[in-house]
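Data block below; observations after.
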Amino acid sequence: MKALLLLSGLGILGIVSEILNFKKYIYKLTIVGLILTLGITFLEWDNPAPLQFSNMVNFDNLAISFIAVLVVTAILWFLTSAPIFDDSEHIADKTTLILFALVGAVCMVSYHNVTMLFIGIEILSICMYVMAGSKKGDLASNESSMKYFLMGAFATGFLLMGIAFIYGATATFDLAEIKMYMENSPEHLELVYTGITLLVIGLSFKISAVPFHFWAPDVYDGAPIQVTSLMSTIVKTAAIAAFYKLFTVSFASQSIAWECTLSYIAGITIILGNLIAVFQSSAKRMLAYSGISHAGYLLLAILANNTSGGNALVYYTLAYSVATIAAFAIIALVLQAKGDTNFSSFEGLGKKNPLLALATILSMLSLAGIPPFAGFFGKYYLFTSYLENHGIGLVVVALIGSAISIYYYFRLIVTMFKGESEEVIPISGTVKLVLILCILITVALGIFPELLNGGW
Amino acid sequence: MKELIWLVPLLPLVGFLLISLGKSYFSKSLAGIIASAMVFGSFVISLGVFFDVLNGDGKPTTVTLFEWIATADFHVNIAFLVDSLTSIMLLIITGVGFLIHLYSMGYMHDDEGYAKFFSYLNLFVFFMLLLVLGDNYLVMFAGWEGVGLASYLLIGFWFKNQPYNDAAKKAFIVNRIGDLGFILGIFLIYTTFGTIQYSGVFSEAVNMADQSPTIVAITLLLFVGAMGKSAQIPLYTWLPDAMAGPTPVSALIHAATMVTAGVYMIARSNILYSLAPETLGFVAIIGGATAVFAATIGIFQNDIKKVLAYSTVSQLGYMFLALGVGAFTGGVFHLITHAFFKALLFLGAGSVIHAMGGEQDIRKMGGLKKYIPITYMTFLLGTLAISGIPPFSGFFSKDEILAHAFNVNPIFWVLGVLGSMMTTFYMFRLFFLTFMGTFRGTEDQKHHLHESPKTMTIPLVVLSVLAVIAGFIGIPHVLGGNHWLEHFLAPVFKDSAIHHHGSELKVSTEYALMGVTVTITILMILFARNKFVTKRFVPADDSVKQGFIPRLLANKYYVDEFYNAIIVKPLNGLASFSYKFLELKGVDAIVNGVGKLVVFISSQARKLQTGNTGFYIFAMVIGILIILALNLFNK
């Protein structure tokens with residue numbers, strides 16, 4: 001709970017810094033504040049009274065784990081994203097927007113009331129719409145922002161309609177009360193089913209699952225690369241956590257209403273995301289599609305409909321976010337040096353920039369789910385939690401998807417060791433630090449997977 | 001000293017690691033010193049262990065270092081079994097091994113791979129010690145494979161020479177055939193007895209029904225392993241080719257130690273073999289046949305090392321003949337004496353080659369006696385020992401084998417005497433052609449002739465002393481001895497002794513057999529002397545057309561060609577079929593096909609991403625409709 005207040009306070013500080021003219025310090029202040037938030041978050045572990053604000057939010061251990069993942073990701077992101085804060089005019093605006101996006105994300109992982117969910121999603125989304133268009137002079141950035149907003153608004157309609165239907169049936173927004181209603185033979189089944197279906201649609205859009213994924217490649221590709229990095233890590237983590245919470249807490253007993261649909265969505269998302277990624281020639285776009293397929297894997301945790309699914313989700317989102325942050329940081333460096341993010345720009349990296357090459361290799365291996373790196377155990381825990389009470393069908397689909405993904409992840413690795421490059425890409429000290437941190441986390445989580453999977 | 005037993009294999013391993021990792025940091029000569037010192041250290045501890053065993057109560061000691069493999073019901077320890085058989089093997093390996101290390105410091109002095117050579121030698125000694133020390137079949141197998149690797153590396157030591165590489169590969173591949181038999185035998189032991197530890201297996205085996213087919217299968221499979229490693233018919237062809245390695249390697253690995261591993265293995269498993277008389281008969285036949293067969297080839301070889309190689313194959317045949325007739329002590333006895341005199345002969349040959357500047361053809365030698373007197377003297381002693389002239393060591397061990405063979409079946413005795421006859425002949429042929437008469441080499445070689453340095457002659461002298469006196473550890477009762485070795489090894493063979501209570505030979509028979517053998521041997525020496533010294537006969541040059549039988553033997557019965565035609569060629573054909581058809585047209589086509597299919601689907605699927613927001617929303621609406629239909633009208 002203190003995390004939520006602290007982040008909001010940091011956001012307000014950002015606005016104030018603009019007015020009181022100390023915005024040149026705000027970047028550093030934010031990083032210090034985030035590290036502070038991380039520490040305070042852990043202090044709330046095993047909170048005896050997790051429900052706060054008249055039962056609006058619930059800071060149980062799962063929520064705290066997700067907040068920790070979000071804040072760690074945010075710290076790594078800020079450290080690698082110094083370039084977008086170079087433009088002195090808008091430092092404070094951008095910092096504030098991202099901090100508020102983080103506040104929205106925290107609401108989405110800790111809500112105990114469906115209105116809080118909606119508020120969280122909207123805070124996050126509106127900040128991201130603006131951030132996607134933050135490169136004002138760039139046509140692609142503007143287009144990205146516009147598409148994101150248009151389609152986001154479309155999806156929000158479904159989300160809100162779903163909430164309304166559920167409220168119509170249960171006459172409450174409280175997750176626990178909805179859960180009770182669902183368990184005691186609901187009277188208005190048609191309202192409940194319709195509501196759940198609409199919620200599936202709305203939330204599937206947010207995590208960019210097929211067939212609501214169309215926005216993702218265009219938006220990811222058009223937005224400034226740092227914003228893309230943010231969207232595929234923090235936004236995705238928050239959205240899937242929110243999805244997981246709503247469905248496995250409140251709708252667990254009515255799984256018949258969403259299990260079938262969601263299984264198809266998951267399977268198709270995995271296959272299609274991976275398939276289209278194969279043909280991409282830009283690393284940035286490749287990662288956008290691979291992000292879609294990861295959303296499909298993450299859905300397995302919701303379908304698992306048990307607590308180990310939640311544990312797996314925390315593990316997977318951390319592993320995925322760390323690898324993705326590192327990958328995007330590297331792509332950003334390549335973009336800066338070579339002017340584009342095509343695979344060919346990565347040629348010769350292996351010889352000239354061994355650290356970048358090593359970080360790329362480990363990130364790609366982790367994303368592809370190759371043991372002994374973090375991503376492997378992420379997938380392993382996801383699959384085992386799903387298999388606890390399901391058949392093997394969807395896991396086979398997921399494995400086929402993984403096999404396809406190896407093609408494009410390894411293609412990047414292979415490219416790095418082909419050809420020659422004249423120049424050595426300069427790396428700043430902080431980015432080096434982040435890359436080393438990411439490497440360490442990826443390896444450590446893979447070698448000691450029980451670190452995070454102790455259960456809560 | 002038994003508690004220090006783990007140091008025995010560890011020291012050579014440390015030597016191997018030190019030299020192979022650090023050879024670029026210290027001087028070349030230090031590598032040889034480190035390697036020799038390590039083996040010497042092992043030798044000192046082995047001596048201590050030997051005296052412990054000698055003064056002990058005859059019970060074996062097991063020293064467990066750590067658990068190696070632990071699964072539900074399969075446990076293997078890295079553990080060492082110390083008993084009389086092990087302690088003797090340790091002395092031979094580290095003792096002869098040390099002398100050969102010493103010798104190599106002189107022999108390999110100018111080789112650019114000096115340090116590498118010593119690291120490989122130490123590696124070999126480590127694995128060989130592991131082989132004889134293990135207290136279960138798996139550790140023995142690990143050592144078994146390890147010595148195979150070291151042998152491969154050392155045969156192909158001069159790897160820039162393609163025929164040498166081929167020889168190394170041949171040794172490795174032929175050994176694989178044997179090893180397959182060995183490991184299948186281990187599997188069968190495990191499924192039959194539920195353990196692979198010697199103590200467990202042997203105590204269970206005693207309770208098995210006599211002549212059970214399982215035991216026969218196990219022993220036959222193990223014997224296939226022994227055939228490969230100890231170069232018996234039909235898997236002996238690699239050993240003569242293995243002479244491509246440096247001569248000290250031939251002496252250590254391909255004469256004194258590694259090739260006797262098969263003998264050790266069967267002696268170790270003696271109780272299993274005693275329960276399978278059929279296998280023992282088979283072992284005796286193979287051994288006897290190999291002894292004669294290889295000896296006939298030896299008569300017509302003109303390469304000094306090839307002669308010794310076929311002689312080794314033949315002598316190994318003797319050892320298996322001994323095992324096959326149930327004379328386990330005799331087999332081990334011959335293993336010991338052979339280790340000394342054959343190592344001596346090989347090192348002597350090395351000294352000759354050294355003096356001749358690399359020449360190995362005995363037709364181009366002659367009269368070397370006065371140029372290299374120490375080599376000449378020691379070589380003579382070795383030759384007398386292998387021929388079985390009393391009181392040299394070969395006489396006692398060979399006599400024991402022949403006596404047992406006669407007791408089981410006189411035909412085995414005839415085979416043995418035939419082999420012994422031919423051995424004497426070709427060894428003296430070699431000796432006379434090399435050292436007697438006049439020098440037949442070039443003038444250059446003649447100027448170059450010189451005695452080898454001290455590091456090479458000292459091992460020769462030590463080994464020649466051993467070759468002379470080693471027989472005294474087993475003086476038979478008829479000659480007034482009390483056969484110390486038999487008593488020392490008795491605890492190892494006590495369980496199988498029950499199965500061989502055949503009648504003792506009459507003393508008069510035994511004297512008669514001895515007399516016949518020695519007389520024949522002396523006649524053969526005189527015959528060879530008459531032919532090669534008095535008549536100065538020198539085998540004709542290769543270009544001269546010879547009669548059928550000499551040609552057949554000089555070409556080793558065309559066995560290599562035969563194997564090539566019936567095994568290698570069909571296998572190559574099958575491999576090329578698999579590659580061209582199954583691999584390229586089958587597996588590759590499927591794999592690449594799947595890859596191409598994925599890329600094609602990808603290229604089509606990405607067209608969905610038009611960039612048109614209107615289309616996106618339209619597609620989403622279609623999706624929503626499908627979901628609604630699925631969810632709501634299905635209920």
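Chain letters run A, B, ... following the sequence lines, proteins first and then strands; every chain starts at 1. Computed from a prediction, not measured in an experiment: that's the story for all the values here.
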Once you round to the nearest 0.5 Å, how far does [atom1] of [X] lie from [atom2] of [Y]?
X	Y	atom1	atom2	result
A/Ile201	B/Ile627	CD1	CD1	5.0 Å
B/Ile617	A/Lys147	CD1	NZ	11.0 Å
B/Met620	A/Phe205	CE	CZ	5.0 Å
A/His213	B/Gln609	NE2	CD	5.0 Å
A/Leu150	B/Tyr616	CG	OH	12.5 Å

TODO: For chain A, find which of B/Val594, B/Ile622, B/Thr613 contributes the most heavy-atom pairs closer than 4.5 angstrom.
DONE: B/Thr613
Open item on the list: Heavy-atom pairs under 4.5 Å with chain A: which of B/Ser602, B/Ala619, B/Gly595 has the most?
Closed with: B/Ser602
Is it true that, when you exclude [X] itself, more than 12 heavy atoms of the residues, nucleotides or ligands shown sit nearer than 6.0 Å to its [atom1]?
X	atom1	answer
B/Phe618	CZ	no
B/Phe26	CZ	yes
B/Glu112	CD	no
B/Phe141	CZ	yes
A/Leu139	CG	no
B/Trp68	CH2	yes
B/Phe66	CZ	yes
B/Lys585	NZ	no

- [ ] Kindly give the heavy-atom pair with the smallest separation between B/Gly611 and A/Glu143, and that separation in Å.
- [x] O-OE2, 4.4 Å
Task: Which atom of A/Pro211 lies closest to which atom of B/Gly623, heavy atoms considered - done: CG-CA, 3.9 Å
So for [X], is it side chain, backbone, both, or neither that comes closer than 4.5 Å to the heavy atoms of chain B?
X	result
A/Ile265	side chain
A/Thr194	both
A/Phe212	both

- [ ] Give me the contact list for residues 270-282 of chain A versus chain B, heavy atoms only, anything under 4.5 Å, ordered by residue number.
- [x] A/Leu272, A/Leu275, A/Ile276, A/Val278, A/Phe279, A/Gln280
Open item on the list: A/Tyr264 vs B/Ile626, test: side-chain contact (heavy atoms from CB on, under 4.5 Å). Steps then yes/no.
Closed with: CA-CA 11 Å; A/Tyr264 280 114; B/Ile626 294 172; over 6 Å; no
Open item on the list: Is there a side-chain contact (heavy atoms from CB on, under 4.5 Å) between B/Thr610 and A/Phe214? Walk through the geometry before answering.
Closed with: CA-CA 9 Å; B/Thr610 56; A/Phe214 289 102; over 6 Å; no
